[in-house]
K.L.:
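Shown below is the structure under consideration.
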Amino acid sequence: MTTYDYDLFVIGAGSGGVRAARIAAGYGAKVAVAEEYRVGGTCVIRGCVPKKLFVYASRFAEEFEDAAAFGWTVPETGFDWPTLIANKDREIARLEGIYRSNLERAGVEIINTRAAVRGPNAVHLVGEARDVTARYILIATGGHPNYDRKLPGIEHVISSNEAFHLETLPERIVVAGGGYIGVEFAGIFNGLGVDTSLIYRGEEILRGFDDDLRTSLHAEMVKRGIDVICGDTFTEIEKTETGLIGHTKQGRKLDAGQIMFAIGRTPNVEGLGLAEAGVEQGWNGQVVVDDYGKSSVDSIYAVGDVTDRVQLTPVAIREGHAFAETIFNANPTPVDHEAIATAVFSTPELGTVGLTEAEARERCRAVDIYKASFRPMKLTLTERDEKMLIKLVVDGESGVVLGCHLMGPDSGELIQVLGILVKMGATKAQFDATVAVHPSAAEELVTMREPTTRWAAEAAE
Ligand code: NDP
């Protein structure tokens with residue numbers, strides 16, 4: 001029998017790789033993980049975690065304002081960016097330490113170097129100039145921000161990576177991209193007092209989300225003073241003595257201290273030796289895998305953003321876990337990518353799971369929509385003009401709730417629970433059989449008696 005240095009060699013210590021390594025080691029496998037940067041990956045080091053801390057920071061301004069309506073005297077407030085950065089960095093270092101010690105406690109060897117595939121069972125450790133062998137190799141290298149490389153002056157812009165380490169907060173910023181990162185960072189900068197524009201090439205931000213969420217978030221962002229520009233895109237970035245000017249297709253000249261691109265992410269596959277090892281890749285370089293994470297080479301698997309399926313941390317974790325379960329516990333575990341609940345930490349934030357209204361109309365013969373738009377109770381004593389949106393998409397024939405779409409405070413928390421119900425196939429009648437929690441925003445979920453709209457395929461024909 002062939003012997004290998006390791007049962008499993010993981011390339012990349014992000015969410016997916018770390019989970020796979022720990023679970024595999026727990027099943028008795030000899031595991032090593034190579035990481036060229038910091039343990040924790042995009043989510044911990046320069047993604048979800050620091051972003052959420054920034055989101056918290058950005059929302060205090062409104063809290064201070066609203067507090068006055070509840071009788072509080074709020075002294076003059078001020079914001080210090082370097083304090084936020086330093087505290088955020090300390091927290092990220094703490095989390096990285098936890099990730100490292102969890103791996104070590106599980107018996108996983110951490111090798112701090114870049115690694116590349118050298119064959120079906122061989123890995124080259126670049127920094128150590130040596131090769132090791134493994135029965136299985138797991139590619140968990142994640143992704144990196146896209147730039148429009150052909151755009152003149154693109155070298156002057158930043159991505160979310162740099163936004164986490166800016167030395168000073170600019171007075172004005174333009175964010176390019178109308179996806180998750182674009183709307184989240186537009187909200188962060190706006191909340192921190194930066195004059196913010198968002199430029200998006202399409203008709204409406206957040207393509208793929210329910211249309212009511214898209215238009216409602218757009219409106220709320222504008223109310224907060226964000227200049228949301230749709231249907232336009234940069235043609236050139238010009239550097240001036242005082243900052244940057246973004247020239248656009250529609251003839252705009254957007255001046256700013258910083259321009260941040262958030263136009264999607266590309267799998268990290270460069271120099272990994274995948275083609276040489278015979279690993280099939282997709283149009284964007286992504287590793288093509290089956291339901292179990294297996295690539296076109298039997299001993300090479302991949303999980304997380306490098307597979308470019310659903311670019312979300314919990315998905316990578318689930319995929320990493322399922323891989324380890326499949327291979328090291330003889331328990332074949334495919335990952336179900338349907339109806340994944342997700343939150344967008346814009347301000348106000350969004351929560352969404354399941355089918356949009358448009359998708360439901362394509363798949364069902366009848367669709368009932370239940371929609372409520374109201375002022376969150378906390379704002380009733382304030383001057384703040386903000387609406388919360390709750391929308392349920394229901395199969396008009398079976399009554400099954402196919403999708404839930406929320407905008408407003410705590411939507412990210414609520415959608416986790418709604419995700420369970422959608423996954424279970426709960427019906428609107430079962431929602432209604434649940435007694436409301438009062439007073440809360442969530443009670444609308446179980447008190448919307450009549451559909452706001454009823455759509456039927458025959459009537460539409
Ligand atoms: P997204 O795919 O969400 O959005 C990319 C945006 O950039 C879209 O508006 C897209 O437009 C636009 N775009 C793409 N290419 C170009 C181009 N060449 N020129 C101009 N605009 C362009 O990517 P993000 O970068 O925002 O985020 C990356 C991934 O990270 C997301 O897919 C998400 O899964 C994950 N993420 C998740 C978060 C969460 O769970 N809260 C938070 C942050 C990131 P169009 O729609 O027209 O294609």
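Whatever order the structure lists them in is the order used to number ligands and atoms, beginning at 1.
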K.L.:
For Phe60, does the CZ atom sit with more than 12 other heavy atoms under 6.0 Å from it, leaving out its own atoms?
P.N.:
no
K.L.:
Taking only Lys NZ, Arg NE, NH1 and NH2, and the carboxylate oxygens of Asp or Glu, determine whether Glu96 and Arg38 approach each other closer than 4.0 Å.
P.N.:
yes
K.L.:
Give every residue pair that meets the salt bridge (Lys or Arg N to Asp or Glu O under 4.0 Å) criterion with at least one member in residues 185-196, sequence neighbours excluded.
P.N.:
Arg172-Asp195
K.L.:
Report every pair formed by an N or O atom of ligand 1 and a protein N or O atom separated by less than 3.5 Å, giving atom names and the distance to 0.1 Å.
P.N.:
{"residue": "ligand 1", "atom": "3 (O)", "partner": "Tyr180", "partner atom": "N", "Å": "3.2"}
{"residue": "ligand 1", "atom": "9 (O)", "partner": "Gly178", "partner atom": "N", "Å": "2.9"}
{"residue": "ligand 1", "atom": "9 (O)", "partner": "Gly179", "partner atom": "N", "Å": "3.3"}
{"residue": "ligand 1", "atom": "11 (O)", "partner": "Arg201", "partner atom": "NE", "Å": "3.4"}
{"residue": "ligand 1", "atom": "25 (O)", "partner": "Gly264", "partner atom": "N", "Å": "2.8"}
{"residue": "ligand 1", "atom": "26 (O)", "partner": "Tyr180", "partner atom": "N", "Å": "3.3"}
{"residue": "ligand 1", "atom": "26 (O)", "partner": "Ile181", "partner atom": "N", "Å": "2.8"}
{"residue": "ligand 1", "atom": "32 (O)", "partner": "Gln311", "partner atom": "OE1", "Å": "3.4"}
{"residue": "ligand 1", "atom": "34 (O)", "partner": "Gln311", "partner atom": "O", "Å": "2.6"}
{"residue": "ligand 1", "atom": "41 (N)", "partner": "Glu184", "partner atom": "OE2", "Å": "3.0"}
{"residue": "ligand 1", "atom": "41 (N)", "partner": "Ala343", "partner atom": "O", "Å": "2.8"}
{"residue": "ligand 1", "atom": "46 (O)", "partner": "Tyr200", "partner atom": "OH", "Å": "3.0"}
{"residue": "ligand 1", "atom": "46 (O)", "partner": "Arg207", "partner atom": "NE", "Å": "2.9"}
{"residue": "ligand 1", "atom": "47 (O)", "partner": "Tyr200", "partner atom": "OH", "Å": "2.9"}
{"residue": "ligand 1", "atom": "47 (O)", "partner": "Arg201", "partner atom": "NE", "Å": "3.0"}
{"residue": "ligand 1", "atom": "48 (O)", "partner": "Arg201", "partner atom": "NH2", "Å": "2.8"}
{"residue": "ligand 1", "atom": "48 (O)", "partner": "Arg207", "partner atom": "NH2", "Å": "2.8"}

K.L.:
Can you pull the salt bridge (Lys or Arg N to Asp or Glu O under 4.0 Å) pairs that have at least one residue in residues 300-316, sequence neighbours excluded?
P.N.:
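Only Arg309-Glu319 qualify under salt bridge (Lys or Arg N to Asp or Glu O under 4.0 Å).
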K.L.:
Considering only NZ, NE, NH1 and NH2 on the basic side and carboxylate oxygens on the acidic side, decide whether Glu62 and Arg224 come within less than 4.0 Å.
P.N.:
yes
K.L.:
List in chain and number order the residues that pass ring-ring contact (aromatic ring centres under 6.0 Å, His included) with Phe9, two or more places apart in sequence or in another chain; answer none if no residue qualifies.
P.N.:
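Per chain and number, Phe9 pairs via ring-ring contact (aromatic ring centres under 6.0 Å, His included) with Tyr6.
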